[in-house]
> 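Please read through the structure below; I'll follow up with questions.
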Amino acid sequence: NTTPRNAEQMVKDISTEFKDLDIQHVQKAIRRGSLGFYGKTFGEVSTQEICIWIIKYLKENPELETMEARLIRLNKEV
């Protein structure tokens with residue numbers, strides 16, 4: 001289980017990573033991910049897994065991604 005302290009840090013990390021994305025879209029990405037739209041989750045959900053869900057959500061909705069966020073993501077994929 002994710003402890004409250006870890007959950008708080010998880011929210012901070014996700015907020016920092018996707019600071020330009022409206023919270024409604026973060027919620028939609030998490031909902032879709034938790035429902036299995038982006039594959040099966042094994043074990044405890046991590047910050048990394050939620051970030052992957054958000055990235056997949058952004059790929060489905062490219063109009064939501066800012067130019068800065070797109071450049072950062074592309075640099076991480078290299």
Side-chain angles (χ1 to χ4, degrees):
N1 292 333
T2 302
T3 65
R5 176 176 288 227
N6 290 343
E8 184 178 325
Q9 187 60 49
M10 187 183 286
V11 170
K12 286 179 184 178
D13 290 343
I14 293 166
S15 297
T16 299
E17 188 69 23
F18 299 98
K19 63 181 177 276
D20 296 329
L21 188 60
D22 188 283
I23 189 67
Q24 291 175 323
H25 294 295
V26 173
Q27 290 171 330
K28 286 179 184 178
I30 292 171
R31 177 166 170 68
R32 289 178 60 75
S34 66
L35 292 172
F37 281 86
Y38 307 125
K40 209 172 213 181
T41 299
F42 298 97
E44 190 173 317
V45 175
S46 66
T47 302
Q48 180 182 26
E49 186 153 19
I50 291 174
C51 287
I52 290 168
W53 292 346
I54 295 170
I55 290 166
K56 288 181 178 184
Y57 177 83
L58 288 171
K59 286 181 179 181
E60 292 176 346
N61 301 279
E63 70 281 0
L64 299 175
E65 191 173 21
T66 65
M67 181 59 76
E68 179 186 11
R70 187 173 292 119
L71 290 172
I72 291 169
R73 179 179 51 77
L74 290 173
N75 283 329
K76 287 181 181 179
E77 290 178 358
V78 172

> Look up atom CD1 in Ile30 and atom CD1 in Ile23, then write down how far apart they are to the nearest 0.5 Å.
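Nearest 0.5 Å value for the CD1-CD1 distance: 7.0 Å.
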
> Looking only at heavy atoms, what is the nearest atom pair of Leu64 and Tyr57, with distance?
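That would be CD1-CE2, 3.6 Å.
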
> Rounded at 0.5 Å granularity, tell me how far NE2 in His25 sits from CG in Asn61.
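That separation rounds to 7.5 Å.
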
> Any chance you could measure Met10, atom CE, to Lys12, atom NZ, to the nearest 0.5 Å?
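Atom-to-atom, Met10:CE and Lys12:NZ are 13.5 Å apart.
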
> Is Phe42 reachable from Phe37 through a run of I, L, V, M, F, W or Y residues, each pair having side-chain heavy atoms under 4.5 Å apart?
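No: no chain of side-chain contacts under 4.5 Å links Phe37 to Phe42.
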
> Kindly compute the distance separating CD (Gln9) from CD1 (Ile14), expressed to the nearest 0.5 Å.
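It is 10.5 Å, given to the nearest 0.5 Å.
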
> Mind running side-chain contact (heavy atoms from CB on, under 4.5 Å) on Trp53 and Arg32 for me, showing each step along the way?
CA-CA 8 Å; Trp53 292 346; Arg32 289 178 60 75; over 6 Å; no

> Got a second to check how far Lys28's NZ is from Ile54's CD1, nearest 0.5 Å?
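If I round to the nearest 0.5 Å, the distance is 13.5 Å.
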
> Can you measure from OG1 (Thr41) to CD1 (Ile52) and round to the nearest 0.5 angstrom?
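One finds 10.0 Å between OG1 of Thr41 and CD1 of Ile52.
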
> Assess whether a salt bridge exists between Glu60 and Lys56, defined as any Lys/Arg side-chain N lying under 4.0 Å from an Asp/Glu carboxylate O.
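No, no charged N to carboxylate O under 4.0 Å.
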
